[in-house]
Amino acid sequence: MQFALMIYETPEQFSKRRNGPDDPYIAAWRSYFTAMVEAGIHVGGDPLEVPETATTVRLQDGHRRLQDGPFADTKEQLAGFIILELPSIDVALDWAARCPAAAGGAVEARPLSPESKQRITT
Amino acid sequence: MSSDGRNEIDRTIERVARESYGRLIAYLSAHTRDLASAEDALSEALVAALNTWQRDGVPHSPEAWLLTVARRSLFNVMRHKKVVAANESALLTLNESRFDPDGSSPFPDERLKLLFVCAHPAIDPAMHTPLMLQAVLGLDAARIAPAFLVSPSTMSQRLVRAKTKINYGGIPFRVPEERELPERLNTVLEGIYAAYGIGWDDLMGIDHRGKDLAEEALWLARVLLALMPEEPEVRGLLALMLHCEARRKARRDSDGRYVPLSEQDPQLWSQAHLQEAEQHLTAAAKALRPGRFQLEAAIQSVHAERAHSGQTEWPAIVFFYEQLLRISPTLGTRTGHAAAVAEASGPAAALQLLDAIEPKAVTTYQPYWAVRAHLLQRLGKAEDAQHAFERAIGLSEDPAVRNFLLEKLR
């Protein structure tokens, strides 16, 4: 079954993104990605731009309400997602714990919902 | 009552609960096989104790008092569950068992049976350790769950399921017979070791899954040793954990950086732990029945010798690993063996040992990649070493270990 790891980073972790390949955080991420790909479990995923680039849209009484910034105003912000093909949530949590963002930030693991997808795609 | 007196009673209850919890649960459940009801009954008794003792003072024998109240509560619970018919004789035995509530005469210690029940082969092996922690030490699901990387509610459900199996699955409350004892004892020892959460101590940046339950694991091992003082493997396990425990302070430098075993300052090793470990290992050896845990403790004992001799006897470590491979050829043992061979005979021989391991078995096994990376580096194969380091880093959970390996990569 497939799981999504949702990566939440702190402002400090976001700020390391522009650093070069020798930055330990960047290097740890590269190794983490390699380990997932070579374990044959990586399905997809991508990092997101920094939260300052986000715009949140709501429709209230037929009017667009735009919020300059991300949906939730929290210290850790959604920074990216990874889709993995794994036998169980236990294994997904192992991979979540290995994620470089988990030390300081947070990683949420959740199964994808193929049933819901089927209901809206067929 | 003054707040001092209240605190005093809280502390007494806490102490009695800590010391007697497993003994009371074991005694109550050995007669009914109903672990969950025994736990409910004892927690009711503990609440009652909090109220009554504050009013009337602590009874002469707190443990006996708790047993009397818990037994009454258990009787009510089981009557409520309408399971009395099936358990009637058991409950009568429990009710009639001779003991003087005002005296200090102890009831039989059934904890050994309880430990064997928790680690019964019919129970999911992943639940052996959580069951022991809960039944013998009274840890709740919320405390146990993080160590096993599951949510408290999931752990709670799994514990309930396991207890239902104990209750209805025909798992006997007894100490295994002699012919099945070695194997059954081994599952109990494995369960305790899993709570400790550390494999062999490392040389090269091995990721330990620190479970934060070391104290509890040592406690369980001491309980087991008190119940089975003649079993050398119990002493072996205790010695192994004490050796690991002795190095606790030496594993990180003042900046929190990871320090591999070979670079640890022996002055920082706890002499008290090391001495106790050696005493158990010596006592175990007298039985002339070596086993997995004695051999693993012996390996750590050779490492500890460096505190006196200033060097490590690698051929002795290789020898113990070879013995270990015969009885327990796990991935951990094979990787540790290769790491020791690298020191005794050079990296090329060690790499051959790693190459003999099925590649599929090691895709997510961090220690293999950490050792492999160091061997390739020593052999001057920079590109292959870099790749292996990346695998090891990507599989590391402990940020200190990850940083240690990242520095080697540069």
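The structure presented is a predicted model; accordingly, all values stated were derived computationally and were not measured. Letters A, B, ... mirror the listed sequences (proteins, then strands); counts begin at 1.
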Point-to-point distance, once rounded to the nearest 0.5 Å, from CZ of A:F33 to CD of B:E390: 11.5 Å
Report the distance from atom CE of A:M1 to atom CD1 of A:I89, rounding to the nearest 0.5 Å. 7.5 Å
B:R391, part contacting chain A, at a heavy-atom distance under 4.5 Å: both
So which part of B:I393 gets closer than 4.5 Å to some heavy atom of chain A, the side chain, the backbone, both or neither? both
Looking only at side chains, do A:E12 and A:Y25 share a donor and an acceptor under 3.5 Å apart? no
Select, from B:T154, B:T363, B:L406, the one with the greatest count of heavy-atom pairs under 4.5 Å involving chain A. B:L406
Among B:R158, B:E407, B:K360, which residue has the highest count of heavy-atom pairs closer than 4.5 Å to chain A? B:R158
So B:Y196 and B:Y193, would you call those rings parallel, tilted or perpendicular, with 30° and 60° as cut-offs? parallel
Is there a side-chain contact between B:R257 and B:N403, using heavy atoms and a 4.5 Å cut-off? no
Between A:A103, A:A39, A:A97, who has the most heavy-atom pairs with chain B when the cutoff is under 4.5 Å? A:A97
Scored by heavy-atom pairs under 4.5 Å with chain B, the best of A:S31, A:C99, A:P100, A:A27 is A:S31
Among A:L86, A:L93, A:I83, which residue satisfies the side chain to side chain contact (heavy atoms under 4.5 Å, CB included) criterion with A:F3? A:L86
If I measure from the heavy atoms of chain B, does A:W29 come under 4.5 Å with its side chain, its backbone, both, or neither? neither
